[in-house]
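In each ligand, atom 1 is the first atom listed, and ligand 1 is the first ligand listed. In this text, all values refer to a predicted model and were calculated from it rather than measured experimentally.
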Amino acid sequence: MKRIAVLTGGGDAPGLNAVIRAVVKTAILVYDCEVLGVQDGFDGFLTPGGVFPLDLAAVRGILPRGGTILGTANRGNPFARKVVRDGREVIEDVSDQVVDAIHALGLDALIVIGGDGTLHIALELGAKGVPVVGVPKTIDNDVGGTEVTFGFDTALTIATEAFDRLHTTAEAHHRVMVLELMGRDAGFIALHAGMAGGADVILIPEIPFRYEAVVAKVRERNQRGSRFSLLSVAEGAKPQGGEAVYARSGDAVYVPRLGGIGQQVGQYIEQQGFETRVTVLGHLQRGGSPTAFDRWLATRYGAAAVRTAAAGRFGRMVALRDAKVVDIPLEEALAVPKRVDVHGDAVQTARGLGISFGDE
Ligand code: F6P
């Protein structure tokens, strides 16, 4: 293995820089291999100057830094890229240009750090002969095949701190506090932070809720003398028989942007006579320094990805299983996206503690 490249794709997550650092250090120090960085996801292969050398100096000091020194893009799918032709926006498949650029660079491996969407692109490029190894990233923790993605622990920690802060002001004013958290299709952040932060109601995409059941919980607490309530609401939560709430519609390149369910739930509760405030934590969950756990996991993932490439094991993704970092086929990881197990011990424990999921 003489020359590898690394890129970050999709929404950022705390720990991306820790993976990049581990990739560069392991490739250079263990395999004496040259490393190239690709700017802004797969777009870098199509942009002049978009691929550049990464040496040890380039990754110095980046371990605790959020974001990604390589830049990222969540509309950079080379199989469906928005381009302007004769003044009109059209969608084109430019994947062959990306493949040609990769071959022209003489890459022995391409390490792709991304979530579900980016890893699907990696799988498709793998089918076109690109030697890819994936690293699972996302604060939502919704990539299959691995116990956890890096970035999740940091988001969870920030969300839990938000609950701690909301708790005191909720209690002081006898209010209902709704915290809308990220989680498009999977409610892991809302579930884990809700449990860690003492929420009374947790609404997640996997368990459609009834408004009346949510208010019933708030009312029950009031009657017992707890004159405040905390609600943990995933942005992708939806009422039974209803739809998720979107702030912006999508198109062939952009996925629709979720947002607004917290406000809807808050309004409903207020209409039933309980003073309510709504907080949307948003991208605070994605920005800033990774937790120790995420730095530790990201570093192990990055180093393992290089070892996987050096062993010639392509079309694979590093994953955490039984607390060990292993590599599994990308196809297997992407076959079934990870979702909260609605019958698992976490949900069972929450219900046992009197937390409502708004479904009963
Ligand atoms: O996939 C991670 C995620 O944080 C989702 O929970 C959220 O819907 C999405 O990213 C928002 O991404 P962006 O604001 O970058 O479009």
Lys338 charged N/C atom sitting above Phe188 aromatic ring, 6.0 Å / 45°
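Geometry flag: set, cation within 6.0 Å and 45°.
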
To the nearest 0.5 Å, what is the distance between CD1 (Ile189) and CG (Asp142)?
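Nearest 0.5 Å value for the CD1-CG distance: 9.0 Å.
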
Tell me which donor-acceptor pairs under 3.5 Å the side chains of residues 75-84 have, and how far apart each pair is, sequence neighbours excluded?
unit_1 : atom_1 : unit_2 : atom_2 : d
Asn77  : OD1    : Phe79  : N      : 2.8
Arg81  : NE     : Asp43  : OD1    : 3.3
Lys82  : NZ     : Asp251 : OD2    : 3.2

Can you tell whether the side chains of Arg307 and Asp327 come within less than 4.0 Å, N to carboxylate O?
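Looking at Asp327 together with Arg307, the answer is no, because their closest N to O distance does not fall below 4.0 Å.
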
Tell me the residues surrounding ligand 1, counting only those with a heavy atom closer than 4.0 angstrom, sorted by chain and number.
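For ligand 1, the contacting residues are Asn74, Ile139, Asp140, Met182, Gly183, Arg184, Glu235, His283, Arg286.
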
For Glu332, what residues pass the salt bridge (charged side-chain N to carboxylate O under 4.0 Å, His left out) criterion, not counting sequence neighbours?
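Checked Glu332 against salt bridge (charged side-chain N to carboxylate O under 4.0 Å, His left out); matches are Arg321.
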
Can you name the residues that form a ring pair (Phe, Tyr, Trp, His ring centres under 6.0 Å) with Phe209, not counting sequence neighbours?
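Residues passing ring pair (Phe, Tyr, Trp, His ring centres under 6.0 Å) with Phe209: Tyr211.
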
